[in-house]
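These notes are about the structure you will find just below.
Just so you know, these numbers come straight off a predicted model, no measurement behind them.
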2 protein chains.
Amino acid sequence: MRLAQKRIAGPVRKAKIIQSAASLFAKKGFSGTKTREIAQRAGVSEALIFKHFPSKEDLYAAILAKESPVPGLLSKVKSLAGEQKDVEVFSVIARTVVGGAPDSDLMRLILFSALENHEMSDMFFHNHIRVFYDFLAGYIQQRIDDGAFQPVQPLIAARAFMGMLIYHRLLTVLFQAQLPQPAEDISQTFVNIMMNGLKIPSPEGAFRMSDQIKKPRKRTARKV
Amino acid sequence: MRLAQKRIAGPVRKAKIIQSAASLFAKKGFSGTKTREIAQRAGVSEALIFKHFPSKEDLYAAILAKESPVPGLLSKVKSLAGEQKDVEVFSVIARTVVGGAPDSDLMRLILFSALENHEMSDMFFHNHIRVFYDFLAGYIQQRIDDGAFQPVQPLIAARAFMGMLIYHRLLTVLFQAQLPQPAEDISQTFVNIMMNGLKIPSPEGAFRMSDQIKKPRKRTARKV
DNA sequence: ACATGGTAAGTAAATACTTACTATAATGGA
DNA sequence: TCCATTATAGTAAGTATTTACTTACCATGT
């Protein structure tokens with residue numbers, strides 16, 4: 001029974017196979033995806049897959065190796081960073097992630113490749129997520145030096161912020177745990193907490209919990 | 001060649017099979033784990049697995065169904081919550097997660113089961129992580145009502161905090177991305193940021209970014 | 001003697017990949 | 001312009017191995 005509707009140029013067909021395979025690898029992982037399924041999804045015979053790729057493993061590697069450029073976003077964030085617009089810097093990153101980038105399939109591929117211990121998973125993760133992470137740590141360090149941020153470890157702070165965003169995406173992608181609020185409200189709440197924290201400052205103004213946390217000795221009751 | 005060294009009581013052998021299977025399912029996922037490997041890890045024949053479990057799928061379900069009680073931790077947190085010790089409430093949760101609970105295998109099982117779309121993955125996730133999440137949201141709401149916390153959406157704030165912690169664990173479990181600081185410092189930095197934010201407050205004291213974020217209209221330069 | 005724990009050997013189906021062939025489009029000479 | 005040849009796209013049928021699971025029997029404890 002005829003599978004491919006019409007003969008297509010080799011590179012076009014290869015791209016279609018890659019697209020079909022990526023979708024299935026994202027959904028089921030490497031081990032859970034069968035080459036018969038990839039062929040069916042691509043609308044070709046199984047044998048044709050092996051005309052284009054030496055093995056299933058090579059097809060998978062080709063997918064992870066694909067560049068997925070940050071679409072001009074890092075340069076925009078860097079521009080805002082140059083102007084020290086703290087809220088905007090964090091907001092642009094928050095809107096991007098909470099708004100759905102990387103997309104669901106890419107999120108799932110990153111996770112599956114890491115869990116399945118694929119040798120390229122570190123590189124894959126770096127290309128898509130850690131690029132913001134590293135930039136943020138540098139920016140936070142600069143703002144601490146400027147006296148605008150309290151003196152925390154920049155890498156920990158960057159991880160805290162990316163953690164809010166990525167965890168939110170994980171809950172929606174893996175557990176369909178959407179929140180009823182619009183994405184804009186959610187991202188702004190994350191930025192607000194990151195900038196200001198939950199606590200309403202006491203009238204002493206600049207009193208900071210970091211001093212209290214660092215010195216866990218007993219304190220006498222304080223009169224206010 | 002003899003596999004089992006000695007005949008063992010059925011329930012003990014069953015527990016050994018479960019333990020071996022859990023370890024492999026955490027490492028390789030359901031599809032990536034073969035029943036021959038489980039048998040080898042457990043030191044028995046493949047046939048014996050099917051004396052205890054009707055199918056591989058049933059063995060997997062038995063693993064996900066296992067209760068893993070939060071070891072008295074939630075009650076401790078609730079006690080602190082009763083005394084409105086904000087920093088301690090968040091700190092105990094932070095130390096627990098940053099310090100390594102749930103453990104690596106459990107983290108990986110939660111993720112694999114979600115990615116592989118197992119029907120019990122929601123329940124599994126709830127038993128191990130969402131229990132703190134729901135409690136936190138309630139506590140944050142209460143503290144907002146008390147006037148101690150700024151008025152944010154409690155579920156978003158709870159997700160923000162759990163996100164810091166869980167993301168940190170993900171990076172260490174999946175990418176071996178340990179930070180050089182001790183776990184105690186890391187968890188305290190997370191709590192500090194959650195309570196106080198990054199920004200050093202301006203001299204106006206109670207001026208809050210949440211007002212600024214909500215109204216993104218242009219502002220004239222302000223003299224200070 | 002019986003109950004229970006355990007396995008070697010096997011089955012049927014699934015799986016990644018190969019082979020030998022067919023179908024179709026492009027090319028170049030007449 | 002036509003047609004034979006060549007290049008390339010594509011598949012049916014197959015192979016060797018893997019996989020989850022079964023069967024018929026053996027070994028051991030009560």
Side-chain angles (χ1 to χ4, degrees), chain A residues 1-64 112-113 116-119, chain B residues 1-64 112-113 116-119:
Chain A
M1 192 259 205
R2 203 62 178 205
L3 283 162
Q5 296 231 347
K6 191 184 167 113
R7 178 193 169 112
I8 295 176
V12 178
R13 182 68 81 189
K14 187 170 181 174
K16 173 67 175 174
I17 291 171
I18 284 180
Q19 178 197 16
S20 302
S23 172
L24 283 166
F25 285 139
K27 180 174 174 170
K28 301 184 174 193
F30 181 83
S31 297
T33 298
K34 316 303 181 189
T35 49
R36 176 176 48 82
E37 291 170 321
I38 296 171
Q40 282 173 342
R41 171 72 67 97
V44 297
S45 70
E46 206 170 344
L48 187 57
I49 295 176
F50 295 98
K51 293 281 190 191
H52 291 283
F53 301 95
S55 66
K56 180 186 175 189
E57 171 70 34
D58 287 310
L59 168 57
Y60 192 67
I63 289 163
L64 296 204
F112 254 131
S113 71
E116 289 177 313
N117 225 30
H118 195 273
E119 62 193 2
Chain B
M1 192 260 207
R2 201 70 175 191
L3 284 161
Q5 297 231 347
K6 194 181 162 101
R7 178 189 169 113
I8 296 176
V12 177
R13 183 67 82 190
K14 188 170 180 176
K16 174 66 176 175
I17 291 170
I18 285 180
Q19 178 197 15
S20 301
S23 172
L24 283 166
F25 285 139
K27 181 173 174 171
K28 301 183 172 194
F30 180 84
S31 297
T33 298
K34 316 303 179 188
T35 48
R36 175 177 50 79
E37 291 171 320
I38 296 170
Q40 281 174 340
R41 171 71 66 98
V44 297
S45 71
E46 206 171 344
L48 188 57
I49 294 175
F50 294 97
K51 293 279 190 193
H52 291 282
F53 301 94
S55 67
K56 179 186 176 188
E57 171 69 33
D58 286 310
L59 170 55
Y60 191 69
I63 290 163
L64 295 205
F112 254 130
S113 72
E116 290 178 310
N117 224 29
H118 196 271
E119 63 192 1

Nearest-Å distance for atom pair NE2/C1', residues A:His52 and D:dG10: 9 Å

Interatomic distance, B:Leu24 CG vs D:dA20 C1' [rounded to whole Å]: 16 Å

Any side-chain heavy-atom pair of A:Glu57 and A:His118 under 4.5 Å: yes

Integer-rounded Å distance: D:dT30 C1' and B:Ile8 CD1: 18 Å

OP1 or OP2 of C:dA16 under 4.0 Å from side-chain N/O of A:Arg36: no

Atom-pair distance (NZ on A:Lys16; C1' on D:dG10), nearest Å: 16 Å

A:Lys27 side chain to B:Asn117 backbone, donor-acceptor under 3.5 Å: no

Interatomic distance, B:Glu46 CD vs C:dG5 C1' [rounded to whole Å]: 17 Å

Check: B:Glu116 side chain, B:Phe30 main-chain N or O, donor-acceptor pair, under 3.5 Å: yes

Protein-nucleotide distance (A:Tyr60, atom OH; C:dA16, atom P), rounded to Å: 14 Å

Heavy-atom pair with the smallest gap, counting every atom of A:Ile18 and A:Leu59: CG1-CD1, 4.2 Å

Heavy-atom donor-acceptor pair, B:Ser20 side chain to B:Lys16 backbone, under 3.5 Å: yes

Proximal nucleotide (of D:dA20, C:dT7, C:dA16) relative to the B:Lys51 side chain: C:dT7

Whole-Å distance separating the CD atom of A:Glu37 from the P atom of C:dT15: 7 Å

Presence of B:Thr35 side-chain N/O under 4.0 Å of D:dA20 phosphate oxygens OP1/OP2: yes

Among C:dA16, D:dT28, D:dT22, the nucleotide that comes nearest once only the side chain of B:Arg7 is considered: D:dT28

Interatomic distance where CD1 belongs to B:Ile38 and C1' belongs to D:dT18 [whole Å]: 15 Å

Options C:dG6, C:dT7, C:dT15, nucleotide nearest the side-chain atoms of A:Lys34: C:dT15

Minimum-distance nucleotide (side-chain atoms of B:Phe50 versus D:dT11, C:dC17, D:dC21): D:dC21

Touch class at under 4.0 angstrom, heavy-atom based, for A:Thr33 against every strand present: sugar-phosphate

Closest listed nucleotide, where the reference is the side chain of A:Lys56 and the choices are D:dC21, C:dA16, C:dT7: C:dA16

Sugar-phosphate only, base, or nothing, as touched by B:Ile49 at under 4.0 Å among non-hydrogen atoms: nothing

Given D:dT22, D:dG10, D:dA20, the nucleotide with the shortest approach to the side chain of A:Leu48: D:dG10

First of B:Ala47 and B:Ala9 reached from the 5' end of DNA chain C, by closest nucleotide: B:Ala9

